[in-house]
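Below, read A as the first sequence line, B as the second, and so on, with proteins coming before strands; counting in each chain starts at 1. All heavy atoms count here, side chains included; hydrogens, waters and symmetry mates do not.
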Amino acid sequence: MTDAPAAPVFRMEDLVALCRRRGFVFQSSEIYGGINGFWDYGPLGTALKRNLKDAWWRDMVACPPDGPDGRPLSIVGLDSTIIANPKVWEASGHVGGFNDPMVDCRESKARYRADHLMVLVGADDDGSRRMVGFLEGDDAGREKAGKSLAKYEKREFDPANYAIRPFTQLAATDLSRVLGPDAKEPGSLTEPRMFNLMFESHAGAIRDEDSKVYLRPETAQGIFVNFQNVLDSTRVRVPFGIAQIGKAFRNEVTPRNFTFRSREFEQMEIEFFIRPDEAETWYPFWRDLRHAWWRSIGLTGENLVLREHDRDELAHYAKEGAGTCDIEYRFPFTAPGFGELEGVAHRSDFDLKRHAEFTGKGEKSRYFDQERNERYFPHVIEPSAGADRGTLAVLCEAYTPDDSRPSGVVMKFHPRLAPVKAGIFPLVNKDGMPEVAEKLHRELRVKYACEFDPKQSIGKRYARMDEAGAPYCFTIDSDTLADQTVTVRERDTLSQERISIDRVATYLAERIDG
RNA sequence: GCGGGUGUAGCUCAAUUGGUAGAGCGUCAGCCUUCCAAGCUGAAUGUUGAGGGUUCGAGUCCCUUCACCCGCUCCA
């Protein structure tokens, strides 16, 4: 990464402005002032995102490549609900994990997880002595706290004279005598406050604790809880995958960076179930396949990277395993750093085991492998991609300022993802040309998203198609009427060539369908 | 959640010490137009982000709030 090229040479606000101007992305409920962390897709953005999801579904579910064993992957689809029995989230660990109390320091503006915060206090504390905070596991911080306390009390520091207590066990009245880890005066720490990262609602008319439900924070659990249903209803056997595209919700503390960190977002997830001893084969397979897929839909530049996680940043379900990696993109707002598009994780058998435990089915729910004549909880390789983040990366990759063009900018989408595949124009809006163009449009629109536009000058129409990212334009002129040929204008090169009008559909098929 | 900045037509921006909210571009309609936002004529468009206050009078001053941007923080 040392000689990585410079970040994209455009300002994010220019892309945001284009997205709004051309109808890719709008702020949610904008006429009421918007709402933080929520975004709507306009006509072009909807088409773009749909094309991305369709490409994923086709390449991963309908027509996946061969696996490492040389046989086609077996992957089936699922569409589970956003709201489920709340026990799902107790089993998955989200109810606990999403409720971390946080402590803010008014003086240093730092924020700490309350359960990571400890205080050093005199062992013979009588309720009036100063306490000094430090972070659990931070030996240097703890030493510093000791020195600070000894200096304050003007005596030698002897660990035997001090006790360590969790911050969470302090009474509210004690806070005024606690010195924060990064503070100079005591009393700057707030009481622990809950940051509930799962959205809550209520199912049914009565709004009480029993009716409380959660909007799912990931689509994955819908797959795990349907694992047995899919096995029983579908002729699949390990190794196989279950795929799902759907909305998920996280009450992010700080939504930021356009659609990158939204509170409502869409995931494209596969849980691929494997034999426990084959993770070392399947994990690198999926990692490389997913990396290659993002490249195949147009993220071909240096801004796409694959990054293996360090051991200490792994999630609770992946501590032991074949590995976890992020597929990351260098967005203008992360540059020179990167932002995550997709995580590929070996989740081990964590989730299936947890649901076996929480449903009380236990070992009985183990999978029976007929070929091996043995029972086990399958392990899982999870490629989990963000549809909105992917769409945003595609928008960033496509955005190409070009002062030599009238539009000033061109969106160079991969033809497969382009929301409009072609513009179809009569060179002038008379002499029979619009009729021919409209007929061509009617034929092409059956298979490809095309725009017929007879108005204004040809230059304006090309410029508009540049901003919409249409890879091709077909123009009918007076020669068309004589020899049945049209001009193809290519978006990226601005080249023009003439082809027969009855070859237009084939021309598009060769370039869009591969 | 903290600090800083921004907010006027779809976009870019004007609007004197507080004194009738405007222009260009784009959009739309018509004319014209034989290949890259050409030209002519005309049209639509705003509770100046929202709410409150001061004032005879607020885009302008004050308060509150919302959204976006930058920096922290957070991201199981």
Side-chain angles (χ1 to χ4, degrees), chain A residues 11-14 16-23 26-39 42 89 92-100 102-113 115 182 188 190 193-198 217-218 250-258 260-263 265 313-319 326 332-333 339-340 343 345 402 404-410 423 425-431 433 454-467 473-481 486-491 494-498:
Chain A
R11 298 183 310 165
M12 195 60 200
E13 56 195 281
D14 291 335
V16 174
L18 180 137
C19 283
R20 168 173 172 63
R21 190 167 73 244
R22 288 300 174 195
F26 306 127
Q27 206 179 352
S28 171
S29 45
E30 186 192 78
I31 62 171
Y32 288 106
I35 178 168
N36 196 358
F38 297 87
W39 300 88
W89 308 112
S92 70
H94 288 83
V95 170
F98 270 65
N99 287 287
D100 296 328
M102 306 295 293
V103 174
D104 286 319
C105 176
R106 297 189 195 91
E107 183 192 317
S108 68
K109 309 304 180 194
R111 169 174 288 172
Y112 315 97
R113 269 179 64 166
D115 57 331
D182 303 295
S188 66
T190 64
R193 288 180 286 204
M194 299 295 262
F195 284 82
N196 203 332
L197 291 181
M198 273 203 292
E218 64 174 19
R250 295 180 194 180
N251 206 354
E252 298 286 355
V253 176
T254 312
R256 198 60 79 81
N257 293 330
F258 203 29
F260 183 79
R261 179 165 296 141
S262 298
R263 288 177 166 145
F265 57 99
E313 60 177 315
L314 294 184
H316 59 82
Y317 50 73
K319 286 294 182 197
D326 282 346
F333 49 78
E340 179 185 353
D402 183 348
S404 71
R405 296 184 188 231
S407 61
V409 61
V410 54
F425 311 141
L427 185 56
V428 292
N429 197 16
K430 62 177 185 181
D431 298 340
M433 296 178 208
K455 299 293 182 65
Q456 300 179 310
S457 73
I458 192 72
K460 282 193 183 187
R461 288 176 275 166
Y462 285 149
R464 274 197 289 265
M465 285 296 104
D466 279 350
E467 283 199 338
C473 292
F474 300 101
T475 301
I476 279 71
D477 59 20
S478 54
D479 290 345
T480 308
L481 307 175
V486 299
T487 302
V488 188
R489 181 258 197 188
E490 212 274 331
R491 177 194 66 200
L494 297 178
S495 68
Q496 297 195 349
E497 61 171 316
R498 291 198 78 88

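Taking the P atom of each, B:G4 and B:C63 are spaced 13 Å apart, rounded to whole Å. Comparing the same atom, C1', in B:A43 and in B:G52 gives a spacing of 37 Å after rounding to whole Å.
Across every strand in view, B:U48 sits unpaired, with no contact that passes the Watson-Crick or G-U test at under 3.5 angstrom. Both distances falling under 3.5 Å, in either a Watson-Crick or a G-U wobble arrangement, place B:G7 opposite B:C66. Look at B:C2: its Watson-Crick or wobble partner, with both distances under 3.5 angstrom, is B:G71. With a cut-off of 3.5 Å on both pairing distances, the Watson-Crick or G-U wobble partner of B:G39 is B:C31. Under the Watson-Crick and G-U wobble criteria, each requiring two contacts below 3.5 Å, nucleotide B:C56 is paired to B:G19.
Judged by atom type and distance alone, A:R489 reaches the base of B:C36 through a side-chain donor-acceptor pair under 3.5 Å. Residue side chain A:T254 does not reach the base of B:C74 through any donor-acceptor N/O pair under 3.5 Å, judged by distance alone. Side chain A:S478 to base B:U34: a donor-acceptor pair is found below 3.5 Å. Within 3.5 Å, a donor on the side chain of A:Y462 pairs with an acceptor on the base of B:C35, or the reverse. Looking at A:Q496, its side chain comes within 3.5 Å of the base of B:C35 through a donor and an acceptor atom.
Note on A:R405: nothing from the nucleic acid sits closer than 4.0 angstrom, heavy atoms only. The residue A:D402 sits apart from the nucleic acid: no heavy atom pair falls under 4.0 Å. Base engagement by A:D477 is indicated by at least one non-hydrogen atom pair under 4.0 Å involving a base atom.
With rounding to whole Å, A:F258 atom CZ is found 17 Å from B:C70 atom C1'. Whole-Å rounding puts the A:R21 CZ to B:C11 P distance at 9 Å.
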